[in-house]
Peer 1: 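Structure in structure tokens, see below.
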Amino acid sequence: MSTRDLVLSALFAAIIVALGILPPITLGFIPVPITAQSLGVMMAGVVLGARRGAIAVLIVLVLVAIGLPVLSGGRGGLAAFAAPTTGFLIGWLFAAFVTGYVAERLVKAEQSGLVQTVGFFLASVIGGIFVLYAFGIAYLAVAAGVGLQQAFVGSMAFVPGDVIKAFVAALAGRAVMVGYPLLPARA
């Protein structure tokens, strides 16, 4: 890993942490809050690609594990990995990787701006929603003692906001692609 890759991963880890400053919104019927940090996970994938995006999230997870209050609401420490939301935290790693992987394959420098934006949006939806929810819902069903169906239905309240986050991540990915392309080139 080059110094540049490490710096970019650390920068996006800082962006994910900074998005945690926004207070979480709890809906009440499910123990998972709405946070802006999943936007950072999607942006890490679309801007940095699979490997560097996953490393950015891994840095955040290590910071959480050592006790720094970097999660939304000032949470941190090993207790964050013993909560019903743990599946979503672990899912961040895979969400960033899959988002980046899909973006690396769908988005090319020679494409039009609209095609690039749609590619980034699809990558964000596939990785940042489908993959993230697969981990989060499965763990939530087990940890909270609710059925998979109840965890799934309860989590659907978050989908509209996550689709908006995917759109914002796509716009950010496109803006970076125009000004300073960071997405790894594929041969």
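FYI, side chains are in, hydrogens and waters are out, and symmetry mates aren't considered; it's all heavy atoms of this structure.
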Peer 1: Is there a path of hydrophobic side-chain contacts, each under 4.5 Å between heavy atoms of I, L, V, M, F, W or Y residues, that connects Val153 with Tyr139?
Peer 2: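 Cluster IDs for Val153 and Tyr139 differ.
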Peer 1: Hey, what do you get for CZ (Phe121) to CG (Leu171), rounding to the nearest 0.5 Å?
Peer 2: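 The distance works out to 10.0 Å.
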Peer 1: Determine whether Ile21 and Leu19 fall in the same hydrophobic cluster, where Ile, Leu, Val, Met, Phe, Trp and Tyr are linked whenever their side-chain heavy atoms lie under 4.5 Å apart.
Peer 2: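 They do not share one cluster, since no chain of ILVMFWY contacts under 4.5 Å joins Ile21 to Leu19.
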Peer 1: Lys165 and side-chain contact (heavy atoms from CB on, under 4.5 Å): which single residue from Met42, Gln37, Met43 fits?
Peer 2: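 Option passing the side-chain contact (heavy atoms from CB on, under 4.5 Å) with Lys165: Met42.
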Peer 1: Out of curiosity, Leu132 CG to Trp92 CH2, how far, rounded to the nearest 0.5 Å?
Peer 2: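 If we round to the nearest 0.5 Å, Leu132:CG and Trp92:CH2 are 8.5 Å apart.
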Peer 1: Per the side-chain contact (heavy atoms from CB on, under 4.5 Å) rule, which among Leu89, Leu61, Thr35 passes with Leu71?
Peer 2: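 Only match with Leu71 under side-chain contact (heavy atoms from CB on, under 4.5 Å): Leu89.
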Peer 1: Provide the closest heavy-atom pair for Arg4 versus Tyr180 in the form atom of the first, atom of the second, distance.
Peer 2: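 Nearest pair, atom of Arg4 first, then Tyr180: NH2-OH, 3.4 Å.
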Peer 1: Where is the tightest heavy-atom contact between Ala80 and Val64, given as atom of each residue plus distance?
Peer 2: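 Where Ala80 meets Val64 most closely, the heavy atoms are CB-CG1, 3.8 Å.
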Peer 1: How many angstroms lie between atom CG of Leu8 and atom CE of Met1, to the nearest 0.5 angstrom?
Peer 2: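 Between Leu8 CG and Met1 CE, I get 8.5 Å after rounding to 0.5 Å.
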Peer 1: So, do Val47 and Phe120 sit near enough that their side-chain heavy atoms are less than 4.5 Å apart?
Peer 2: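 SC-SC contact between Val47 and Phe120 ruled out.
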Peer 1: Roughly how far, to the nearest 0.5 Å, is CG of Asp162 from CE of Met156?
Peer 2: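 It is 9.5 Å, given to the nearest 0.5 Å.
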Peer 1: Kindly indicate whether the side chain of Val46, heavy atoms from C-beta on, has any atom under 4.5 Å from the side chain of Thr99.
Peer 2: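 Yes - at least one pair of side-chain heavy atoms lies under 4.5 Å apart.
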Peer 1: Between Ala54 and Leu93, which heavy-atom pair has the shortest distance, and what is it?
Peer 2: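 Looks like O-CD1, 3.2 Å.
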Peer 1: Are Phe130 and Val163 connected in the hydrophobic side-chain network, where two residues link if heavy atoms are under 4.5 Å apart?
Peer 2: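 Phe130 clusters together with Val163.
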Peer 1: Does Leu68 belong to the same Ile/Leu/Val/Met/Phe/Trp/Tyr cluster as Ile55, with side-chain heavy atoms less than 4.5 Å apart forming each link?
Peer 2: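 Leu68 clusters together with Ile55.
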Peer 1: Could you pull out the closest heavy-atom pair between Leu140 and Ala151, with the gap in Å?
Peer 2: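 Nearest pair, atom of Leu140 first, then Ala151: CD2-CB, 4.1 Å.
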Peer 1: Would you say the side-chain atoms of Gln150 pair up with the backbone N or O of Ala141, donor to acceptor, closer than 3.5 Å?
Peer 2: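 Between the backbone of Ala141 and the side chain of Gln150 there is no qualifying donor-acceptor contact (under 3.5 Å).
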Peer 1: Working note: Val98 + Ile126, criterion side-chain contact (heavy atoms from CB on, under 4.5 Å); need CA distance, chi angles, decisive distance, verdict.
Peer 2: CA-CA 8 Å; Val98 170; Ile126 291 168; 4.1 Å; yes
Peer 1: Could you give the distance from CD1 (Ile59) to CD1 (Ile16), rounded to the nearest 0.5 Å?
Peer 2: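 Between atom CD1 of Ile59 and atom CD1 of Ile16 there are 9.0 Å.
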Peer 1: Check whether Gln111 reaches the backbone of Leu106 with its side chain - one donor and one acceptor, N or O, closer than 3.5 Å.
Peer 2: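 Yes, because the side chain of Gln111 sits within donor-acceptor range (under 3.5 Å) of the backbone of Leu106.
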Peer 1: Between Gln116 and Met177 (side chain of the first, backbone of the second, donor and acceptor by atom type, cut-off under 3.5 Å), is there such a pair?
Peer 2: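 Here the side-chain-to-backbone pair does not exist.
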Peer 1: Using 0.5 Å steps for rounding, measure from the CD1 atom of Ile137 to the CZ atom of Phe158.
Peer 2: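 Going from CD1 on Ile137 over to CZ on Phe158, the span is 10.0 Å.
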Peer 1: For the side chain of Ser72 and the backbone of Leu22, is there at least one donor-acceptor N/O pair under 3.5 Å apart?
Peer 2: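 It does hold such a pair.
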Peer 1: Treat each ILVMFWY residue as a node, draw an edge where side-chain heavy atoms are under 4.5 Å apart, and state whether Leu114 and Val178 are in one component.
Peer 2: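 Cluster IDs for Leu114 and Val178 differ.
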Peer 1: Mind checking whether Phe94 and Phe135 have parallel, tilted or perpendicular rings, split at 30° and 60°?
Peer 2: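 The arrangement is parallel - the two ring planes meet at less than 30°.
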Peer 1: Donor-acceptor pair, distance only, cut-off 3.5 Å: does the side chain of Ser9 make one with the backbone of Leu6?
Peer 2: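 Here the side-chain-to-backbone pair does not exist.
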Peer 1: Compare every heavy atom of Thr117 with every heavy atom of Ala170, then report the nearest pair and how far apart it is.
Peer 2: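 So the minimum-distance heavy-atom pair works out to CB-O, 3.5 Å.
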Peer 1: Any donor-acceptor pair under 3.5 Å linking the side chain of Ser2 with the backbone of Asp5?
Peer 2: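 Yes; at least one donor-acceptor contact below 3.5 Å.
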Peer 1: Flag yes if more than 12 heavy atoms outside Phe81 fall under 6.0 Å of its CZ atom; otherwise flag no.
Peer 2: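 For Phe81, atom CZ is crowded (more than 12 foreign heavy atoms under 6.0 Å).
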Peer 1: I need the minimum non-hydrogen distance between Ala169 and Ser124, along with the two atoms involved.
Peer 2: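 That closest heavy-atom pairing would be CB-OG, 3.7 Å.
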